[in-house]
**Q** 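First the structure, then my questions, so here it is.
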Amino acid sequence: MKTFLQRLAAHRPPAGKRRWVFVPYDQLTDRVGPLSRIAPRELGIVIVESSQKAGRRPNPKHTLAFVLANLRHFCLEQAARGVAVRHVETDADYATALRDVARDVGPVLCMRPAERELREDLVPLVRDGLIEEVEHEGWLTKRSHFDESHEGGAPYRMDRFYRHVRKATGVLMEKGKFAGGKLSFDAENRKRWKGDPAAPRVPTFARDEVTDEVVQLVQHKFADHPGTIDLEHLPATQAHADAMWAWAKRECLPHFGPYQDAMSTESESLFHSRLSPLLNVLRVLPKNVVDDACAMEMPIASKEGFVRQVLGWREYVRHVHEATDGFRAVTKGRDAHDAATPSFLGAKRALPPAWWGQATGMRCLDACVSQVWKTGYGHHISRLMVLANLATLLDVSPRELTDWFWCAYADAYDWVVEPNVLGMGTFAVGDLMTTKPYVAGAAYIDGMSDFCKGCAFDPKKDCPVRSLYWAWMDRYEERLRDNPRMSIPLQALKKRAAAQRAEDADVFARVTDALARGAVVAGAG
Ligand SMILES: Cc1cc2nc3c(=O)[nH]c(=O)nc-3n(C[C@H](O)[C@H](O)[C@H](O)COP(=O)(O)OP(=O)(O)OC[C@H]3O[C@@H](n4cnc5c(N)ncnc54)[C@H](O)[C@@H]3O)c2cc1C
Ligand code: SF4
């Protein structure tokens, strides 16, 4: 703390009356909101480092280091432009810390927090007039866009929302028509990656004393949290974040579309931007990335594919989360901490130790798990079609899986992780926000990745994922019968001989048993 505090103290903002703004850990920008409008000499910011928040779940060390390093560099960046910075370090919650500050400086402004969890923490202060909440200007769309696209309410559909906002915002529209002649180029974005074009090298960043100090703090104070800190790949300043986006534009976006669904042991991100941790703390602004992507010379399938992620999926999941109060409004189940616990299929098995790093011999699972514990990153398909898919096929409790994703990934916040895992990855809320469950067998994983090549199992013969998939179809045949998008796989299930179906059920029993014990799957040794 010494270096950081000394550097902060070295900036002596001129005395005078200031408007104080609370800047939460995920609003680290002066490019939108009150910080973009109030003159630095009239502005003061309150930054809270709460070890209670950091200890709320066992977030890996690199995630804690990422957030803290950005928070502290943001303080210094603001102080350097003449903003008064009140940095509060506390073991208490945000409300307690901010109540003390407000007593001193008067009511503080705050952009409405993106996280439900923080909004809830701040309710008493908003009620008492100590926090004046203003609109969060980091989003690209408003609640009215979502409501207009779903006039009849649920079920919610991303394509309806996306179609509406493309028209309403004019993004990728030409003379009132969708650029390239259609809304989505998703069908063209499913190529397997065979090494050409070469995957870009992920950028590295120079460390400084402030970041080093954060690393020491995390190593010491959160020693029992999992993972390590990959300092080389940790963007900590605004300049790092800008460099990361420049890299993504140059190296990733031109090939983003075709290889969007591909996975490889040679590159964990391939042509994905790796921007989500930075976007989710506003170091990189969604508006800038969409504007820049639209202005770039690149194939429409890549351009639209990228825009769909940021303007479409990212905004959609956040609206679904808010419209359903984090699914509490639409499901009855809640756990002791008031978290929503939907499970449309009734899955409730414990998450096997494999997700915490115990080897299974299933290369797809082991590779994706080891990658996320190393870096806190994994792209969409490894999350959806490996980690969530396998947990679903194994009947893991959707809530437990969500809490794992929330802990393991560096970009996880309630508004984004809950819809993606409960809504999309596990079908825990039925067809509330997707039309079908995202489950797949070994043929999909083999088709989109190189995992199977070095695996102890053969995807066409003895791979357990094949049987797990059919056993899952068998168990939930009744429950899924009315879903029109499941009719093809359910027809295929009917063609499976009784002996094969019995064998599938047997594999399910053996694999769940082995994984629950933390053992490798028989046949992998
Ligand atoms: C089971 C599961 C859990 C997920 N958990 C999270 C999470 O905790 N935090 C998170 O930010 N994303 C989450 N996602 C969405 C998505 O996988 C990540 O945003 C993406 O992989 C981040 O990598 P990237 O920055 O390289 O993305 P790119 O592929 O380069 O996409 C660009 C940006 O689009 C946005 N985006 C794309 N898809 C989604 C989506 N479904 N929801 C929200 N934003 C999206 C992200 O901001 C991303 O940075 C999850 C997806 C699944 C299936
Ligand atoms: S063979 Fe089966 S278990 Fe092995 S990597 Fe492929 S899908 Fe996964």
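All figures in this text were calculated on a predicted structure; none of them were measured in a lab. When a ligand or atom number is given, it counts from 1 through the structure's own listing order.
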**Q** Please report the interatomic distance OH(Tyr413) to CG(Asp26), rounded to the nearest 0.5 Å.
**A** 6.0 Å
**Q** Return the orientation label for the Trp404 and Trp373 ring planes: parallel under 30°, perpendicular over 60°, tilted otherwise.
**A** perpendicular
**Q** Would you call Asp291 and Lys303 a salt bridge, using N to O less than 4.0 angstrom?
**A** no
**Q** Would Arg383 count as a cation-pi partner of Phe405, with NZ or CZ less than 6.0 Å from the six-membered ring centre and within 45° of the ring normal?
**A**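 Judged by the rule, Arg383 and Phe405 form no cation-pi pair.
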**Q** Which of the numbered atoms in ligand 1 are below 4.0 angstrom from a heavy atom of Gly378?
**A** 21 (O)
**Q** For ligand 1, does Trp406 get within less than 4.0 Å through its side chain, its backbone, both, or neither, judged by non-hydrogen atoms?
**A**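 Neither part.
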**Q** Hey, are Arg112 and Glu137 close enough for a salt bridge, meaning a charged N less than 4.0 Å from a carboxylate O?
**A**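 Glu137 and Arg112: not salt-bridged.
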**Q** Among Arg383, Met244, Gln309, Met424, which residue places a heavy atom closest to atom 5 (N) of ligand 1?
**A** Arg383
**Q** Just to confirm my output: which protein heavy-atom neighbour is closest to atom 4 (Fe) of ligand 2, and how far is it?
**A**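 Result for atom 4 (Fe) of ligand 2: Cys455 SG, 2.3 Å.
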**Q** For atom 21 (O) of ligand 1, what is the nearest protein heavy atom, given as residue, atom name and distance?
**A**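 Here the closest protein heavy atom is His380 N, 3.2 Å.
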**Q** Using a 4.0 Å cut-off to any heavy atom of Leu275, which atoms of ligand 1 qualify?
**A**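 Near Leu275, meaning under 4.0 Å from one of its heavy atoms, ligand 1 has 25 (O), 49 (O).
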**Q** Can you establish whether the number of heavy atoms outside Lys142 located under 6.0 Å from its atom NZ is more than 12?
**A**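 Atom NZ in Lys142 is not packed in, count stays at 12 or less.
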**Q** Counting non-hydrogen protein atoms only, what is the nearest one to atom 7 (C) of ligand 1? Give residue, atom name and distance.
**A** Asp411 OD1, 3.2 Å
**Q** Any N or O on Asn280 sitting closer than 3.5 Å to an N or O of ligand 1?
**A** yes
**Q** Give me the nearest non-hydrogen protein atom to atom 2 (Fe) of ligand 2 as residue plus atom name, then the distance to 0.1 Å.
**A** Cys463 SG, 2.3 Å
**Q** In the protein, what heavy atom is nearest to atom 29 (O) of ligand 1, and what distance, to one decimal place, separates them?
**A** His272 ND1, 2.6 Å
**Q** Give a yes or no on this: more than 12 heavy atoms of other residues, nucleotides or ligands lie within 6.0 Å of atom NZ of Lys436.
**A** yes
**Q** With ring centroids as reference points, do His233 and Phe205 lie under 6.0 angstrom apart?
**A** no
**Q** Quick one: nearest non-hydrogen protein atom to atom 19 (O) of ligand 1, plus distance?
**A**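 Sorting protein heavy atoms by distance from atom 19 (O) of ligand 1 puts Ser276 CB, 4.0 Å first.
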**Q** Identify whether the distance between the nearest side-chain nitrogen and carboxylate oxygen of Glu117 and Arg57 falls below 4.0 Å.
**A**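 Looking at Arg57 together with Glu117, the answer is yes, because their closest N to O distance falls below 4.0 Å.
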**Q** Less than 4.0 Å is my threshold; does some heavy atom of Tyr438 fall inside it relative to ligand 1?
**A**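 It does not; every heavy atom stays at 4.0 Å or beyond.
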**Q** Under 4.0 Å between a side-chain nitrogen and a carboxylate oxygen: does that hold for Asp261 and Lys191?
**A**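 No salt bridge links Asp261 with Lys191.
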**Q** Under 4.0 Å from a heavy atom of Val417: give me the atoms of ligand 1 that qualify, with their elements.
**A**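 Heavy-atom distances to Val417 below 4.0 Å select 8 (O).
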**Q** Taking all non-hydrogen atoms of both residues into account, name the closest pair between Trp245 and Val289 and its distance.
**A** CZ2-CA, 3.4 Å
**Q** Look at atom 6 (Fe) of ligand 2 and say which protein heavy atom is nearest, naming residue and atom and giving the distance to 0.1 Å.
**A** Cys452 SG, 2.3 Å
**Q** Could Arg479 and Phe344 be counted as a cation-pi pair, given that NZ or CZ must be under 6.0 Å from the ring centre and within 45° of the axis?
**A** yes
**Q** I need the atoms of ligand 1 closer than 4.0 Å to a non-hydrogen atom of Ala412, numbered in the order shown.
**A**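 Listed by number with element, the hits are 8 (O).
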**Q** Heavy atom to atom 2 (C) of ligand 1, shortest distance: which of Asn420, Leu387, Thr426 holds it?
**A**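 Residue with the shortest heavy-atom distance to the ligand atom: Asn420.
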**Q** Report yes or no: does Tyr409 have a heavy atom closer than 4.0 Å to ligand 1?
**A**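 It does not, in that no heavy atom of Tyr409 comes within the 4.0 Å cut-off of ligand 1.
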**Q** Measure the distance from atom 12 (N) of ligand 1 to every protein heavy atom, then report the residue, atom name and distance (to 0.1 Å) of the closest one.
**A**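 Closest protein heavy atom to atom 12 (N) of ligand 1: Val416 CG2, 3.5 Å.
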**Q** Do any N/O/S atoms of Cys364 come under 2.8 Å of atom 8 (Fe) of ligand 2?
**A** yes
**Q** Give me the nearest non-hydrogen protein atom to atom 1 (S) of ligand 2 as residue plus atom name, then the distance to 0.1 Å.
**A**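 Protein heavy atom with the smallest distance to atom 1 (S) of ligand 2: Phe457 O, 3.5 Å.
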**Q** Measure the distance from atom 33 (C) of ligand 1 to every protein heavy atom, then report the residue, atom name and distance (to 0.1 Å) of the closest one.
**A** Val310 CG2, 3.8 Å
**Q** Counting N and O atoms only, with roles assigned by atom type, does the side chain of Ser302 sit under 3.5 Å from a partner on the main chain of Gly257, one being a donor and the other an acceptor?
**A**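 It does hold such a pair.
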**Q** State the atoms of ligand 1, each with its element, that fall below the 4.0 Å cut-off from a heavy-atom position in His379.
**A**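 Here the atoms of ligand 1 in question are 21 (O).
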**Q** Checking Arg318 against Trp139: charged group under 6.0 Å from the ring centre and within 45 degrees of the axis?
**A**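 Yes, Arg318 lies over the aromatic ring of Trp139.
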**Q** Within a distance under 4.0 Å of any heavy atom of Arg274, pick out the atoms of ligand 1 and give their elements.
**A** 24 (P), 25 (O), 26 (O)
**Q** Quick check on contacts: which atoms of ligand 1 are under 4.0 angstrom from a heavy atom of Phe256?
**A** 28 (P), 29 (O), 30 (O)
**Q** How many angstroms lie between atom NE2 of His379 and atom OG of Ser267, to the nearest 0.5 angstrom?
**A**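 Result: 8.0 Å between the selected atoms.
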**Q** How long is the straight-line distance from NZ of Lys167 back to NE2 of His145, given to the nearest 0.5 Å?
**A** 13.0 Å
**Q** Using a 4.0 Å cut-off to any heavy atom of Leu384, which atoms of ligand 1 qualify?
**A**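 Listed by number with element: 53 (C).
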**Q** Starting from atom 39 (C) of ligand 1, which protein heavy atom do you reach first, and at what distance in Å?
**A** Trp313 CB, 3.7 Å
**Q** Starting from atom 27 (O) of ligand 1, find the nearest protein heavy-atom neighbour and note its residue, name and distance.
**A** Ser273 OG, 4.0 Å
